[in-house]
There are 2 protein chains.
Amino acid sequence: MDDSGGTYRSSRSTGSARLTDVARVAGVAPMTVSRALNRPELVSESTRLRVQQAVLETGYVPNRVAGALASSRSRLVALLVPTVAHSLFAEVVQTVMGALSPQGYQVLLGLVGYTPEQEETILETVLSRRPDGIVLTGCRHSPLTRQRLQSAQVPLVEIWDMTDDPLDMLVGFSHESVGRAVAEHLLSRGCRRFGLISADDSRARRRVAGFVSALERAGEGAYQLREVGTPSSMPWGREKSAELLDQHSLDAIVCSSDILALGVLAEAQSRGLSVPEELAIMGFGDSSYAAASFPALSTVRIDGAAIGLRAAEHLLQRMAQPTFQRAGQTLDIGFEIVDRDTT
Amino acid sequence: MDDSGGTYRSSRSTGSARLTDVARVAGVAPMTVSRALNRPELVSESTRLRVQQAVLETGYVPNRVAGALASSRSRLVALLVPTVAHSLFAEVVQTVMGALSPQGYQVLLGLVGYTPEQEETILETVLSRRPDGIVLTGCRHSPLTRQRLQSAQVPLVEIWDMTDDPLDMLVGFSHESVGRAVAEHLLSRGCRRFGLISADDSRARRRVAGFVSALERAGEGAYQLREVGTPSSMPWGREKSAELLDQHSLDAIVCSSDILALGVLAEAQSRGLSVPEELAIMGFGDSSYAAASFPALSTVRIDGAAIGLRAAEHLLQRMAQPTFQRAGQTLDIGFEIVDRDTT
DNA sequence: GCTTGGAATGTTAGCGCAATCAATTTGTAT
DNA sequence: ATACAAATTGATTGCGCTAACATTCCAAGC
């Protein structure tokens, strides 16, 4: 009852209630409290209720840091995306978290940008938290990153890309295929002279490469490429398209994101070019505003929610297994050309 | 060199290199390795290099879970926002993380939606990680939430709202003031009959309340309110504005987000209403696409980057102090009416 | 030489929890 | 009642690290 003088607290203690405090109040052993909270099916109903009461009385908040250390399970999933400022990745974050939270996992978010260096740095600090799983955007990593991920022995889902050689699991789509599909779509519309405005990130570049390879295979079409820095923005799109249109006669401009395409659209309108008759415009991502622009933007739809959901499902399944074992399963969720009014 | 038979590993060990392994290889005490990695200024140059070498040899990745338990410093900041699917909050996440990462803090992201229940649930699991700091959206919390935050004794920044009575620190703006400013702006444009389309979240409701109070103070203006669920979307805006326009004769429609306003704009265009002459439209947030719509959307600009940055700065300052002490400082970063072509 | 003080390094003892195994209680069949 | 298994609870130990204190080292001063 009276704990005056009875509770010795070391100088290193944090002051808040611990498992042993709850145990004392409930009149059981600390281990029983642990079980009552984490594996209630292992304790009797009456004990569970007494512990529950003691938790309320003491205001106990479990310390999962200690729990993670003792059990080697952090219940933490690291989610590494380039940015959340892009609606595409925001959608992934939203769905991954929506799927993991109900299962008791929390998300350690990492914004890796578009450079391998940043990915390396962030991955190191992320691994130091001993996450139970990792969702990682992209599958072209530096050797060091690959090596660290392999030796970490953590369930991993690479997303938003496609490869024959995933580190573990993979949910995404082929950027080369997107580029080819866009090229074929525009060729079928009669476009032959292309401007490409692409962000300087590796996946956008692979879409460009796919586009170019399709032109070559078709044996026709000429293109001019302009790269822009990240993050992409309307002004970038407007500036680069102005440059392209000043210097070349073009049928279509293909952008690595919808927001760039919106800038191109603004530039076309300011020049009085009729879209798509005089200039076709193609975006990427099918952001929420793509359908709302005037004219409505043609683009490539990526189902970010599907990627996030399937990635989370794969990860949950693997994290539920007692032992680590590389899986190697791959899921291509594809994409869709959305043919609106700018092509 | 040869450690065969020399290294005993308990069955509970995780298998990867530990501090003691590095220490053995470097020929120093574990504590010295800890210092070499965390407080290199306390260690001689030669020792630091030997430890560095040993880290590389062993492939050691520090275990911050154990470190956090031992030091009562998690180097984790919890960031709780309603969603990242809104560009406004995505911007906050982006800037908060951008400011915290270089200082060695990692971010535990929590998506609390727009209900107090979810906030409570997520806050509990978040506190169990013993974060060194918390950034929390909004400042109208349930009693339980307030009590938990107070007893947690964690540096806290509430953002995206304004109150006289913050739990700790506060960086935001007044939603009532936004509502009033929008009302005054539209009244000055000659609008008198208003439709309001608002998300069913508490902050959007307070903007509505501010709007209504300004109408009352001005002694003129009538309004019709429609609430929509979250997340807001163009279809919601279109549907509710159709309803409003069918049933009432209106001068202006005010929306609780830009994306709703885009839906209203689409509906107005489909009805052949000239904007803003026959119908003025007002958004909220100044999302990237607001300026790109046709006609360009008038809206309210919130500087999410400023909120995120200042919140992170306040938090860093407080986390650097050795003892917890409630601060009570408040920063109103304001807002701006962006008068484009729909009002 | 010896002292002295600061820099560098080492030793000890937890942080708060859960895995593990031991002990006890309960229920059930004999 | 007794034996036995199952259900429930408890005691011990250690997860990997760092705070706190102890010790050693080395250069400078006398």
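Residue numbers begin at 1 in each chain, while the letters A, B, ... track the order of the sequences.
Proximity of Ser34(B) to the phosphate of dT18(D): a side-chain N or O atom is located under 4.0 Å from OP1 or OP2.
Contacts between residues 58-77 of chain A and DNA chain D, counted as heavy-atom distances below 4.0 Å, involve Leu69(A), Ala70(A).
With contacts defined as side-chain heavy-atom distances shorter than 4.5 Å, the pair Ile307(A)/Trp160(A) qualifies. Looking at heavy atoms from C-beta onward, Ile159(B) lies out of side-chain contact with Leu170(B) at the 4.5 angstrom threshold. Between Arg203(A) and Pro82(A) there is a side-chain heavy-atom pair separated by less than 4.5 Å. Within the 4.5 Å cutoff, no side-chain heavy atoms of Ile134(B) are placed close to those of Asp168(B).
When the C1' atoms of four end pairs are superposed on the next four at each end of the helix from dG1(C)-dC30(D) to dT30(C)-dA1(D), using five pairs per end, the two resulting axes differ in direction by 40°, to 10°.
Looking at Gln53(B), its side chain never comes within 3.5 Å of a backbone N or O of Ala26(B) through a donor-acceptor pair.
Distance CE (Met31(A)) to C1' (dA11(D)): 11 Å, rounded to an integer number of Å. When rounded to the nearest whole Å, the span between CG of Leu19(B) and C1' of dT11(C) equals 14 Å. Between the P atom of dG16(D) and the CZ atom of Arg129(A) lies a distance of 17 Å, rounded to the nearest Å. One atom, CZ of Arg39(B), and another, C1' of dC17(D), lie 15 Å apart when rounded to the nearest Å.
With sequence neighbours excluded, the residues that form a side chain to side chain donor-acceptor pair (under 3.5 Å) with Glu313(B) are Arg310(B). Evaluation of the side chain to side chain contact (heavy atoms under 4.5 Å, CB included) rule for Gln118(B) yields Thr115(B), Ile122(B) as partners, not counting sequence neighbours.
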With a 3.5 Å cut-off and sequence neighbours excluded, list the donor-acceptor pairs that the side chains of residues 66-79 of chain B form with protein atoms.
from	atom 1	to	atom 2	distance (Å)
Ser71(B)	OG	Gly67(B)	O	2.8
Ser71(B)	OG	Arg73(B)	N	3.3
Arg73(B)	NH2	Tyr105(B)	OH	2.9
Ser74(B)	OG	Leu76(B)	N	3.3
Ser74(B)	OG	Arg130(B)	O	2.7
Ser74(B)	OG	Asp132(B)	N	3.3
Ser74(B)	OG	Asp132(B)	OD1	3.4
Arg75(B)	NH1	Gln103(B)	O	3.2

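Glu119(A) and Ser142(A) share no donor-acceptor pair across their side chains, judged by distance under 3.5 Å alone.
Shown here is Gln325(A), whose CD atom has no more than 12 heavy atoms of other residues, nucleotides or ligands within 6.0 Å.
Here the CG-OH distance, from Leu19(B) to Tyr60(B), works out to 4.5 Å after rounding to the nearest 0.5 Å.
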Under-3.5 Å N/O pairs linking protein and nucleotides 5-9 of chain C:
from	atom 1	to	atom 2	distance (Å)
dT9(C)	OP1	Ser44(B)	OG	3.1
dT9(C)	OP1	Thr47(B)	OG1	2.3
dT9(C)	OP2	Ser44(B)	N	3.1
dT9(C)	OP2	Thr47(B)	OG1	3.3

